[in-house]
There are 2 protein chains.
Amino acid sequence: MANIANIYSGTLADIEKLDGPLSQRVYTALRDAILDMKIAPGEVLRKATICEQFGVSRSPVAEALTRLSGEGLVDVIPQSATRVTRFSLEEIREECFLRDAVEVAAVKRVATTRTDDQLLQLSRNIRLQSLLVEDKDFHGFFEADEAFHAMLLEFTGFRSVAAIAGQLSLQLRRARVLILPEEGRPAETVIEHTAVLDAIRAGDEDGAARAMRHHLGQLIVRIEPLEQQFPDFFR
Amino acid sequence: MANIANIYSGTLADIEKLDGPLSQRVYTALRDAILDMKIAPGEVLRKATICEQFGVSRSPVAEALTRLSGEGLVDVIPQSATRVTRFSLEEIREECFLRDAVEVAAVKRVATTRTDDQLLQLSRNIRLQSLLVEDKDFHGFFEADEAFHAMLLEFTGFRSVAAIAGQLSLQLRRARVLILPEEGRPAETVIEHTAVLDAIRAGDEDGAARAMRHHLGQLIVRIEPLEQQFPDFFR
DNA sequence: ACCTGTCAACTAACATGTTAGCTGAAAGTG
DNA sequence: CACTTTCAGCTAACATGTTAGTTGACAGGT
């Protein structure tokens, strides 16, 4: 007999397996679940329920929710409720703009500074992407895709720019989970990634920028139809 | 008899004057004090002391510190202490890179989309900057400078891109307070802002980008010497 | 039937008691 | 004297009791 209050039960990671402070573990578990769309946008998160599920008191849960709220992953309605943030196309377009600005700048820089080792790592990653597409391992492909972009950001020489830039486009990352299974898109993505890498290898700053801009531009046109497809997830 | 624990007493805004939840008021007061360098980098923030100063309990203070920690404005050392984050040149260079990426992208866009009203607002702001420099009102100038950049970001048409981009360069904003009184710099800044505006008015996308890149590039060369000048503020 | 005020139930927000982990000084040891 | 070890004191972290604001259902008036 499924309890309505526990509809996302079992989708949360076991915090026993993580280490560090309780609040950190609760935060990580909730964040992962939200980013992977295991908890639907709009769904209510009750402090008391979360406490029971993790077997912890309200303090660490409150802290975790505060952090998630700061990242825009949950909406706290004062004295009333806490919900997983719904998508807003306006906000997603903004994130696309920012992501484009940062990743294009990164790729221009990398095109002029890249080392042989970096080129090797990137091309290895792309070969991995191809294999995962062949195997139809979409989850694995998603991770390799993220790793490709993260590598480009890291290769700017700014150690944690990838982490900071990642925080800019959390809604985007979440929305991408919805378009993952779209037929043929992963294969196209690999081609676009390859174009970026080829330009970087050639040291062609502007070509790399154009290739990256084109690649990122594909995302928003695939996200826009989601508002019709999943109206409940949007506000 | 000044209490050592209260050395930043009186620099905190009176939370009675703010509204909203207590945690929000505490957060705002602390954040403003940190950004304005009224609490020095490296200074220890004791929960108990803050509670006394604001006359609130530990919960809202804890929540405020959690949020500040998420923004990188304070460092929490588990079970030990909470300090105002020290500067790191590495991190500041990163923020410069990100800020450059975002603001150059913004200015390129605005150069092709600007309306007459927007041009008017920008030129009004620059005239205000000139007046404030003449009056040697550095604090006022600082605010007008920030407003200029915020306006450019807003004119991209992405409503809250200014707010999000602002979060990217909090350390930069804090460090800028230290270079404020540098002789002659404000006057130069006005000239650089004018160059940006002129290019935007001319619809010269690349010229605006170059002008903005040059302007932002001035910042890091002025920040770097601060590490020698204020060694205690750096880690 | 349709507003409209009241109120009970539920939630986050706040206060406070308790625990666990770090830290640095002092005592012990070679 | 140097190099551990112990331990008291302090801090953030966690648990839990209490308050206040929101919401929606329901009663009563129009």
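Chain letters run A, B, ... following the sequence lines, proteins first and then strands; every chain starts at 1.
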key: Distance in Å, B:Asp36 CG paired with B:Arg174 CZ, rounded so as to fall on 0.5 Å steps   =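 Between atom CG of B:Asp36 and atom CZ of B:Arg174 there are 11.0 Å.
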
query = With respect to B:Arg159, which candidate in A:Glu91, A:Glu90, A:Glu94 satisfies the salt bridge (charged side-chain N to carboxylate O under 4.0 Å, His left out) definition?
reply =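 Passing option: A:Glu90.
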
message = So, OP1 or OP2 of C:dC10: does either fall under 4.0 Å of a side-chain N or O from A:Arg46?
response =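 Answer is no, no contact under 4.0 Å.
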
query = Think A:Lys47 has a side-chain N or O under 4.0 angstrom from the OP1 or OP2 of C:dC10?
reply =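 Checking A:Lys47 against C:dC10: no side-chain N or O falls below 4.0 Å of OP1 or OP2.
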
key: Protein proximity profile, nucleotides 14-21 of chain C - base contact B, sugar-phosphate-only contact S, no contact -, cut-off 4.0 Å on heavy atoms   = SBBBB-BB

message = Using whole Å, what does the distance between atom C1' of nucleotide D:dG21 and atom CG of B:Asp19 come to?
response =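 About 15 Å, once rounded to whole Å.
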
query = Given atom CZ of B:Arg83 and atom P of C:dT23, what is their separation to the nearest angstrom?
reply =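 About 10 Å, once rounded to whole Å.
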
inquiry  = Testing the 3.5 Å rule here: is there a donor-acceptor pair between the side chains of A:Arg124 and A:Gln121?
reply    =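 Absent: no donor and acceptor within the cut-off.
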
ask   = Charged N to carboxylate O below 4.0 Å: is that the case for B:Arg99 and B:Glu103?
value =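 B:Glu103 and B:Arg99: salt-bridged.
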
query = Do A:Glu52 and A:Arg46 sit within salt-bridge range, that is, some charged N less than 4.0 Å from a carboxylate O?
reply =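 No, no charged N to carboxylate O under 4.0 Å.
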
query = Parallel, tilted or perpendicular: which describes the rings of B:His149 and B:His193, with under 30° parallel and over 60° perpendicular?
reply =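 Ring orientation, 0 to 90° scale: perpendicular.
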
ask   = Bend angle of the helix from C:dA1-D:dT30 to C:dG30-D:dC1 from five-pair axes at both ends, rounded to 10°?
value =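 Roughly 10°, once rounded to the nearest ten degrees.
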
request  = With salt bridge (Lys or Arg N to Asp or Glu O under 4.0 Å) as the test, would you mind laying out the steps for B:Arg176 and B:Asp145 before giving the verdict?
outcome  = CA-CA 11 Å; B:Arg176 281 173 59 208; B:Asp145 184 349; 3.2 Å; yes

inquiry  = According to side-chain contact (heavy atoms from CB on, under 4.5 Å), who are the partners of A:Arg213, at least two apart in sequence or on a separate chain?
reply    =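 Listed in chain order: A:Asp100, A:Val104.
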
